[in-house]
Visitor: 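Quick one: the structure is below, and I'll ask about it shortly.
From a predicted model like this one, the values you see are computed outputs, not experimental measurements.
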Amino acid sequence: MSDPRRRIPRTDALLDDPALSPATALLGRHTVKTVVLAIQDRARAGQIPPEDVLPAVLGELPKRPMSISPVLNATGVIIHTNLGRAPLSPAAVQALIDAAGYTDVEFDLSTGARARRGAGALAAIRDAVPDAGDVHVVNNNAAALMLCACALAQDKEVVLSKGELVEIGDGFRVPELLASSGARLREVGTTNRTTVCDFAEALGEKTGFVLKVHPSNFRISGFTSTPALRELTELGVPVVADIGSGLFGPHPGLSDEPDAASALQAGAALVTASGDKLIGGPQAGLILGEADLVHQLRRHPVARAMRVDKLVFAALEATLRGPESPVKAALRTPHASLRERAERIASSLQESGVDATVVDTESVVGGGGAPGVPLWSAAVSVPADYLPRLRSAGVVGRLEHDRSILDLRAIPETDDRRLMGLVMRCR
Ligand SMILES: *Cc1c(COP(=O)(O)O)cnc(C)c1O
């Protein structure tokens, strides 16, 4: 009797099998070989018969040569930091592909000379906020704040309200970030109340700038007061306004959210914002404001360590110049249309034997934006035990009253069929 292990296909034969050639083209020979070796080991251990080695390899191959996988965001949180914040528009996605190879990101094709890096994206921001004398882009809003501190407050003081000592997430705090630049922090006022006099008393020779941070991920209510930006800018020192979510102008549905144009009109010397929150673009930190200050930031040695790549410039420009971003679309989708979609999805699921119902929910902007602003939404509700299976299939919902809630607010209508298909597979 021959040992069945002798019938296990050899590594080279497997790797050269035409059935694996699409995978080799997509994943590379090394990745495919890693899977082949693991499956051969299982066959040698007698866990699978030799004939099943090739099918098992095909079943175990990863879908793509990277571990980040796309998910459907059924959490009802539009800007979800753990899910990558803003999803890019199709125009921005195309821009990433177009910019992936050699590009003229820092080159003038008409003269053959070096050109200003990312000039098109910078112009798009200036066009969106004409009040800005100049603009600069760094890796994220935290980097934007850090650069302000390095360039404008080295060995000087950053004066800010105790009520605005914000933690931005994952244990990172704005004050500690600023202090690590070598700037000294001068906290004024109290957690709930700070007056313009508190600021005035703290200003002097040592002041680098006054920082106004938008308390974007929490809300203090009750006996509170904090000076308006305009009152601070009248104190005669530069004011840097961290607006967080990055609206360019006022948004009718988000009246408490600060915006860059209004902050500059109120006299802010510089405004900093994230590119991947309400702007709906790639991760970036935008700095807008007085031209001489922006120039000072851009020429500071640390700026080079915060430089964004061509992909960010490409996606940012396409986000600003192209059609509406998915974040804006999600924000303005009316409740009635979400409800209609939820009903359609739920009734299809019911026909397939899934215990699915429709529920009205409250979705939120998220990502440190518009805390306390609920957005009426609609969701498909399926049994609680679907939740982990759905998550493994790439659908992230939430558990509520012992049901899995799949909120449609952050799911584009074009993904409804995909959502239905994935729920059915979890039956
Ligand atoms: C989100 C946020 C930050 C951090 O921005 P990143 O782009 O994530 O670095 C800083 N300040 C405020 C007010 C924010 O909302």
Side-chain angles (χ1 to χ4, degrees), residues 132 135-136 138 140-169 172-218 220 224-247 257-260 262-274 277 285-290 292-294 296-297 300 302-303 306 368:
V135 302
H136 184 57
V138 290
N140 53 23
N141 192 9
L145 288 169
M146 183 75 180
L147 185 55
C148 291
C150 288
L152 310 176
Q154 196 93 71
D155 302 318
K156 289 188 167 181
E157 291 180 349
V158 175
V159 183
L160 81 168
S161 162
K162 276 210 171 73
E164 296 177 2
L165 299 172
V166 176
E167 176 167 319
I168 50 184
F172 288 97
R173 296 171 171 170
V174 168
E176 288 167 6
L177 175 90
L178 293 169
S180 71
S181 73
R184 281 188 309 277
L185 247 43
R186 179 85 180 259
E187 302 162 16
V188 301
T190 62
T191 307
N192 57 331
R193 289 178 77 85
T194 305
T195 65
V196 70
C197 291
D198 294 328
F199 277 96
E201 280 165 19
L203 301 185
E205 291 283 283
K206 292 170 291 177
T207 307
F209 58 85
V210 165
L211 177 66
K212 182 143 182 72
V213 182
H214 175 49
S216 55
N217 49 9
F218 69 98
I220 299 179
T224 66
S225 89
T226 177
L229 184 56
R230 169 77 69 187
E231 294 176 84
L232 296 179
T233 60
E234 282 166 355
L235 292 173
V237 299
V239 176
V240 175
D242 169 14
I243 63 168
S245 291
L247 282 178
E257 257 328 90
D259 66 271
S262 305
L264 292 169
Q265 282 159 21
L270 293 170
V271 171
T272 74
S274 299
K277 292 182 179 172
L286 314 188
I287 304 169
L288 308 88
E290 292 172 13
D292 56 332
L293 292 182
V294 173
Q296 222 176 307
L297 299 191
H300 191 278
V302 159
M306 301 174 170

Visitor: For a quick test of reading the model, state the closest non-hydrogen atom pair linking P258 to L247 and the distance between them.
Guide: O-CB, 3.9 Å
Visitor: Quick one: does E231's side chain have a donor or acceptor within less than 3.5 Å of a partner on A228's backbone?
Guide: yes
Visitor: Can you name the nearest heavy-atom pair linking P175 to L165, along with the distance?
Guide: CG-CD2, 3.6 Å
Visitor: Can you list the residues that meet the side-chain contact (heavy atoms from CB on, under 4.5 Å) rule with D198, with sequence neighbours excluded?
Guide: V188, T194, T195
Visitor: For V135 and L286, what are the C-alpha separation, side-chain angles and deciding distance, and is it a side-chain contact (heavy atoms from CB on, under 4.5 Å)?
Guide: CA-CA 7 Å; V135 302; L286 314 188; over 6 Å; no
Visitor: My understanding is that only residues two or more places apart in sequence, or in another chain, count here; which of them pass side-chain contact (heavy atoms from CB on, under 4.5 Å) with S181?
Guide: M146, A149, C150, A183
Visitor: Going by heavy atoms in the side chains, are V159 and F199 under 4.5 Å from each other?
Guide: yes
Visitor: Keeping to residues at least two apart or across chains, list the salt bridge (charged side-chain N to carboxylate O under 4.0 Å, His left out) pairs with something in residues 175-190.
Guide: E157-R186, R173-E176
Visitor: Does anything in residues 140-156 form a side-chain hydrogen bond (donor to acceptor under 3.5 Å, both in side chains)? List the pairs, not counting sequence neighbours.
Guide: N141-D242, N141-T272
Visitor: Is any side-chain heavy atom of L145 closer than 4.5 Å to one of L211?
Guide: yes
Visitor: Measuring from L232:CG to T226:OG1, what's the distance to the nearest 0.5 Å?
Guide: 7.0 Å
Visitor: Taking only residues two or more places apart in sequence, or in another chain, which ones meet T190 in a side-chain contact (heavy atoms from CB on, under 4.5 Å)?
Guide: N192, R193
Visitor: Please report the closest heavy-atom contact between V138 and A144, naming both atoms and the distance.
Guide: CG2-N, 3.4 Å
Visitor: So, taking the atom named OG in S245 and the one named CG in D259, what distance separates them when rounded to the nearest 0.5 Å?
Guide: 11.5 Å
Visitor: Mind listing the closest non-hydrogen atom pair of L147 and H136 along with its distance?
Guide: CD2-CD2, 3.9 Å
Visitor: Given L152 and V158, is the side-chain contact (heavy atoms from CB on, under 4.5 Å) satisfied, shown in steps?
Guide: CA-CA 9 Å; L152 310 176; V158 175; over 6 Å; no
Visitor: Please report the closest heavy-atom contact between A273 and I243, naming both atoms and the distance.
Guide: CB-CG1, 3.8 Å
Visitor: Could you tell me which residues satisfy side-chain contact (heavy atoms from CB on, under 4.5 Å) with E234, sequence neighbours excluded, listed by chain and number?
Guide: R230
Visitor: For L288 and A132, work out which heavy atoms get closest and say how close.
Guide: CB-CB, 3.9 Å
